[in-house]
Q: 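Handing you a structure now.
Position 1 is the first residue of the sequence; numbering continues from there.
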Amino acid sequence: AHWRWVDSGKVSGCSTLETDTAPAPERHGLDAERLNDVTVAIVGLGSAGSKIATSLARSGVRQFVLMDDDLLHPANLVRHDCDWFGVGQHTADAVADRLSLINPSVKVNRRKHRLQGQESSTAAASALSALANADLIIDATANPGVFNLCAHVARHSKTPLLWLEIYAGGIGGLVARSRPDKEAEPFTLRSAINSAANEIADQKGVEPPEGAIDYGAMDSEDRIVIASDADVTTIAGQATQLALDTVLDRDPSHFRHPAYLVGFSKSW
């Protein structure tokens, strides 16, 4: 039932509808039930991280560790998956609330913690332990220091690690994963990706792509070029597909390679 109130608090409209009771497999596919017991940890709940979280929830993932100490500001709404209802909250809370509206059975371990921040050793140890106990760690921060911590945790706990970047100026992005005993360990793989990106940039005579928090860069005429919501959504969608492939442990995998550079701009 839906009620609508006016300022006086009186009900101005009421309507009812019959809910669709179709089984989950008919909506999500046969993999939905396999995702019920999967725990995905997402570090960084900005534009990309928020989109990945909601997409995974819609796909059938019901258990999350959400880690970010940032607040959701009005300016974030141009790309963030949350809306004005979440403004002023920690992004961990805003995204957790959004997931509960998508699926009330979702369980979220909210961590208002900044990796590499000025946190107590006890809080840091607890946060890292939560990551280690997940079935997949996703680093959506594009922060090298955070990546290093996530990679150390993943290597020690033998947990798959997935990371992504949206390059400044909307030129494209990166999606990569490292699965224990199936791909190179995270540090080796990241080094290989950087070498490949630098080689491509050198061949084209342009600057190597770099992640940027505001997704902005200067073009040849010194104009600011901003990555759009569509740019972020595309990379987040690719990351979600790779995440699902990882936690479902598909054999053979739908992805032949551990890393993908996705280009949106001819210049790079």
Side-chain angles (χ1 to χ4, degrees), residues 38-59 61-103 106-117 119 123-124 126-147 149-151 153-154 159 161-166 173-175 177 211-215 227 229 231-244 247:
V38 167
T39 298
V40 176
I42 303 177
V43 182
L45 298 168
S47 301
S50 64
K51 294 178 188 295
I52 293 170
T54 55
S55 186
L56 287 174
R58 290 189 174 104
S59 300
V61 176
R62 297 197 302 180
Q63 299 181 81
F64 292 86
V65 177
L66 301 181
M67 188 175 299
D68 198 321
D69 76 328
D70 204 359
L71 298 177
L72 183 65
H73 297 280
N76 300 135
L77 300 183
V78 295
R79 283 180 291 266
H80 205 277
D81 207 60
C82 291
D83 52 33
W84 271 96
F85 285 106
V87 169
Q89 295 189 73
H90 281 91
T91 53
D93 289 331
V95 174
D97 290 346
R98 182 157 179 77
L99 298 187
S100 69
L101 292 174
I102 294 172
N103 184 349
V106 164
K107 298 179 181 178
V108 179
N109 180 350
R110 309 180 188 200
R111 294 277 175 167
K112 300 164 191 175
H113 183 98
R114 173 171 298 189
L115 293 182
Q116 281 202 319
E119 304 282 351
S126 176
L128 295 177
S129 177
L131 297 182
N133 290 327
D135 297 291
L136 171 67
I137 301 171
I138 299 177
D139 172 17
T141 66
N143 181 310
V146 173
F147 170 85
L149 280 175
C150 290
V153 171
T159 303
L161 173 66
L162 185 153
W163 67 97
L164 60 142
E165 296 179 21
I166 293 93
L174 157 73
V175 180
R177 73 172 171 191
I213 294 175
D214 62 0
Y215 307 125
D229 181 69
D231 298 330
V232 177
T233 300
T234 300
I235 298 298
Q238 296 292 329
T240 302
Q241 290 278 24
L242 192 59
L244 291 171
V247 294

Q: Kindly give the heavy-atom pair with the smallest separation between Thr141 and Gly44, and that separation in Å.
A: CG2-CA, 3.7 Å
Q: Check the pair Asp97, Gln89 against side-chain contact (heavy atoms from CB on, under 4.5 Å), reporting the backbone distance first and the verdict last.
A: CA-CA 10 Å; Asp97 290 346; Gln89 295 189 73; 3.3 Å; yes
Q: If you take all heavy atoms of Ile52 and Ala236, which pair is closest and at what distance?
A: CG1-O, 3.7 Å
Q: If you take all heavy atoms of Leu56 and Ala243, which pair is closest and at what distance?
A: CD2-CB, 4.3 Å
Q: Give me the atom names and distance for the closest heavy-atom approach of Leu71 to Gly88.
A: CD2-O, 4.1 Å
Q: Between OG1 of Thr91 and CD1 of Ile42, what distance do you get to the nearest 0.5 Å?
A: 11.0 Å
Q: Quick one: does Ser55's side chain get under 4.5 Å of Asp81's, heavy atoms only?
A: no
Q: Given side-chain contact (heavy atoms from CB on, under 4.5 Å), test Asn109 with Thr39 step by step and report yes or no.
A: CA-CA 10 Å; Asn109 180 350; Thr39 298; over 6 Å; no
Q: Identify the heavy atoms of Ala48 and Ile166 that sit nearest to each other, and give their distance.
A: CB-CD1, 3.8 Å
Q: Hey, does Leu115 have a side-chain heavy atom less than 4.5 Å from the side chain of Leu128?
A: yes
Q: For the residue pair Asp93 and Lys112, establish whether any side-chain heavy-atom pair is separated by less than 4.5 Å.
A: yes
Q: Do the non-hydrogen side-chain atoms of Thr159 and Leu136 ever get within less than 4.5 Å of each other?
A: no
Q: Walk me through whether Leu77 and Leu72 qualify under side-chain contact (heavy atoms from CB on, under 4.5 Å).
A: CA-CA 8 Å; Leu77 300 183; Leu72 183 65; 4.2 Å; yes
Q: Please tell me if the side chains of His80 and Val95 come closer than 4.5 Å, counting only heavy atoms from C-beta onward.
A: yes
Q: With the side chain counted from C-beta on, respond yes when Lys51 and Thr234 share a heavy-atom pair under 4.5 Å apart, and no when they do not.
A: no
Q: Would you call Asp229 and Arg79 a side-chain contact if the rule is heavy atoms closer than 4.5 Å?
A: yes
Q: Has the side chain of Asp68 got a donor or acceptor atom that lies under 3.5 Å from a matching backbone atom of Ala92?
A: no
Q: With a 4.5 Å limit on heavy-atom distance, are the side chains of Asn76 and Val87 in contact?
A: no
Q: Could you report the tightest heavy-atom contact between Ile235 and Glu165, atom names first, then the distance?
A: CG2-O, 3.9 Å
